There are 2 protein chains.
Amino acid sequence: MSETPGEAESGRRVQAVQISCDIIQALREKDGAGVSELAEHLDRSKATIHSHLTTLADNEFVVKRDDSYEISLRFVDIGEYAKSQVDIYEVTKKELERLAEETGEVAQFMVEEHGRGVYLHKASGKNAIQTASYVGNRKYLHCTALGKAILSQLPEERVEQIIDRHGLPQRTENTVSTREELFDALETVRREGVAYDDEEVLQGLRCVAAPIKHANGDLHGAISISGPTSRFKGDRFHEELPEVVQGAANIIEVNATQL
Amino acid sequence: MSETPGEAESGRRVQAVQISCDIIQALREKDGAGVSELAEHLDRSKATIHSHLTTLADNEFVVKRDDSYEISLRFVDIGEYAKSQVDIYEVTKKELERLAEETGEVAQFMVEEHGRGVYLHKASGKNAIQTASYVGNRKYLHCTALGKAILSQLPEERVEQIIDRHGLPQRTENTVSTREELFDALETVRREGVAYDDEEVLQGLRCVAAPIKHANGDLHGAISISGPTSRFKGDRFHEELPEVVQGAANIIEVNATQL
DNA sequence: TTAATTGTTCGCGAGAAGCAAACGGTCTCA
DNA sequence: TGAGACCGTTTGCTTCTCGCGAACAATTAA
């Protein structure tokens, strides 16, 4: 079984570490901040915040610029490392580029972590539209084609755990909002091999996703192609694109077994 | 003045936070590890390591997979954010892609932080060679063309501070190894507008870099083109490429003033 | 000059955090 | 089928850390 079964509520925590995590979170939300501002925001003394920031700066997790502290580029380094640890990352990236060029649309790659979906790559073809998603972005799994493709590969109990943890927040009126609806949808995905998003996230945006079946390392991922409803309709939407996406997923799977 | 003047030796630290930072560092070096392994490596009790890992997992900085803890993809998210905070990032990225296509070589973008250079983007043209550098990678500034281009824009006292902090470790026999040599080199860069790397880092690899003059936010960066000595020689190396790189840097500067 | 901001330093007391040891798994090998 | 040797996890206890408040510089504004 992958990751922590449910959220581990038990066990001791280290308060000081929690404070530093909160500081990083706050620095991100505020695009950098000073000691006093953080102290007020987190309801802690200035002295506390100060010693934490100094420690974090020592370790190059934050940078001090004049009198403002900001998130350091060290995160870029570690983030890039984290991506590289995903064994199918390189193969998938190449395949996505090909897919984007072939279709002219946007191709994306998502993996599951902590019960949510993380975008790991985005390739844009000639006619690619702008999408709100960016690499690193975390989305709930039940409300995107990529997410549903991933969920379709997980054992039912894991899906239950994820719902318990994150719920089924409703993005738009088309989002699945009950467990039954979701499990039905996942069954359909398993049967057809692809997941669809028909304007469920954004008006006018359609999306076709296929899971990457690769239980190795308990890592579950999916790839997709997105585009405007005007181009995503008829045979192209229901036959051509699903076939292309599934084909790409297949190639990745084959390459992955050789790792 | 940007960042901390010299390393801030003074002030209090938070030991617990330091331990967590060490854990993350260790997880990265070891590509994930268990509690016992970390406890031994960091010379701490298992209980301590465990409570730290639990806290870090709560905050999604690490993931527990079976009995191994690993660096989480949350770093991808924060890293991507950190990049986006660099105001010239988007403009430079576009310009790099153009540069790579036009020359067929490798084009790169580096900024300074904590006295070292961080690669933020890499674009590859048709004939691009493989280079060891990757996005997020941190290099000493004195031993690459990009680094020297950056240093040439910093006030002398800042350069002194950086040398005090990091020294001038010698990569190859061609690396500058004394302060005088370095300051002479920087003077040349300022005069010519470009910095060269003539097989100083790697046998057979040459590189031309130009600083991006843009004091805004105290952010200093540079862009470069790298390629094999076989193609980087004669007029192309000493005139054509320097001109192209400087031109690109100029375009970025102009676009940057409009931010 | 004064007043109101900063960030920084410091002494102190409370409680957090680190340790050791015990506990409950799982796996291997006899 | 056990014994033993790992593993991660839990728990009490003691100590020393760390968070607080207040004082201290250093800017900035009025």
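Labels below follow one simple rule: chain letters A, B, ... track the order of the sequence lines, proteins then strands, and each chain is numbered from 1. In this text the structure is predicted, and so the values were computed from the model without any measurement.
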[N] phosphate, OP1 or OP2, under 4.0 Å from [X] side-chain N/O:
X: A:S10; N: D:dT10; answer: yes
X: A:Y69; N: C:dT6; answer: no
X: A:S51; N: D:dC18; answer: no
X: B:S36; N: D:dC6; answer: no
X: B:K46; N: C:dC23; answer: no
X: A:H50; N: C:dG7; answer: no

Which part of the nucleic acid, if any, lies within contact of A:R44, taking any heavy atom under 4.0 Å across all strands shown: a base, the sugar-phosphate backbone alone, or nothing?
sugar-phosphate
Pick base, sugar-phosphate or nothing for B:A16, based on heavy-atom distances below 4.0 Å to the nucleic acid.
sugar-phosphate
In terms of the nearest nucleotide of DNA chain C, which residue is placed more toward the 5' end: A:E37 or A:R12?
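Final value for this comparison: A:E37.
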Could you check which of [options] has an atom nearest any side-chain atom of [X]?
X: B:A47; options: D:dT9, C:dA20, D:dG19; result: C:dA20
X: B:D67; options: C:dC12, C:dG18, D:dG8; result: D:dG8
X: B:V14; options: D:dG8, C:dC19, D:dG19; result: D:dG19
X: B:S45; options: D:dG19, C:dT9, C:dC19; result: C:dC19
X: A:Q15; options: C:dG18, C:dG7, D:dG19; result: D:dG19

Would you kindly give the CD-to-P distance between A:E40 and C:dT5, to the nearest whole Å?
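A:E40 atom CD is separated from C:dT5 atom P by 11 Å.
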Quick one: do A:D164 and A:R179 make a salt bridge, cutoff under 4.0 Å?
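Salt bridge between A:D164 and A:R179, a charged N being under 4.0 Å from a carboxylate O: yes.
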Can we say B:D77 and A:R28 salt-bridge, meaning some charged N sits less than 4.0 Å from an Asp/Glu carboxylate O?
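Between A:R28 and B:D77 there is a salt bridge, with a charged N closer than 4.0 Å to a carboxylate O.
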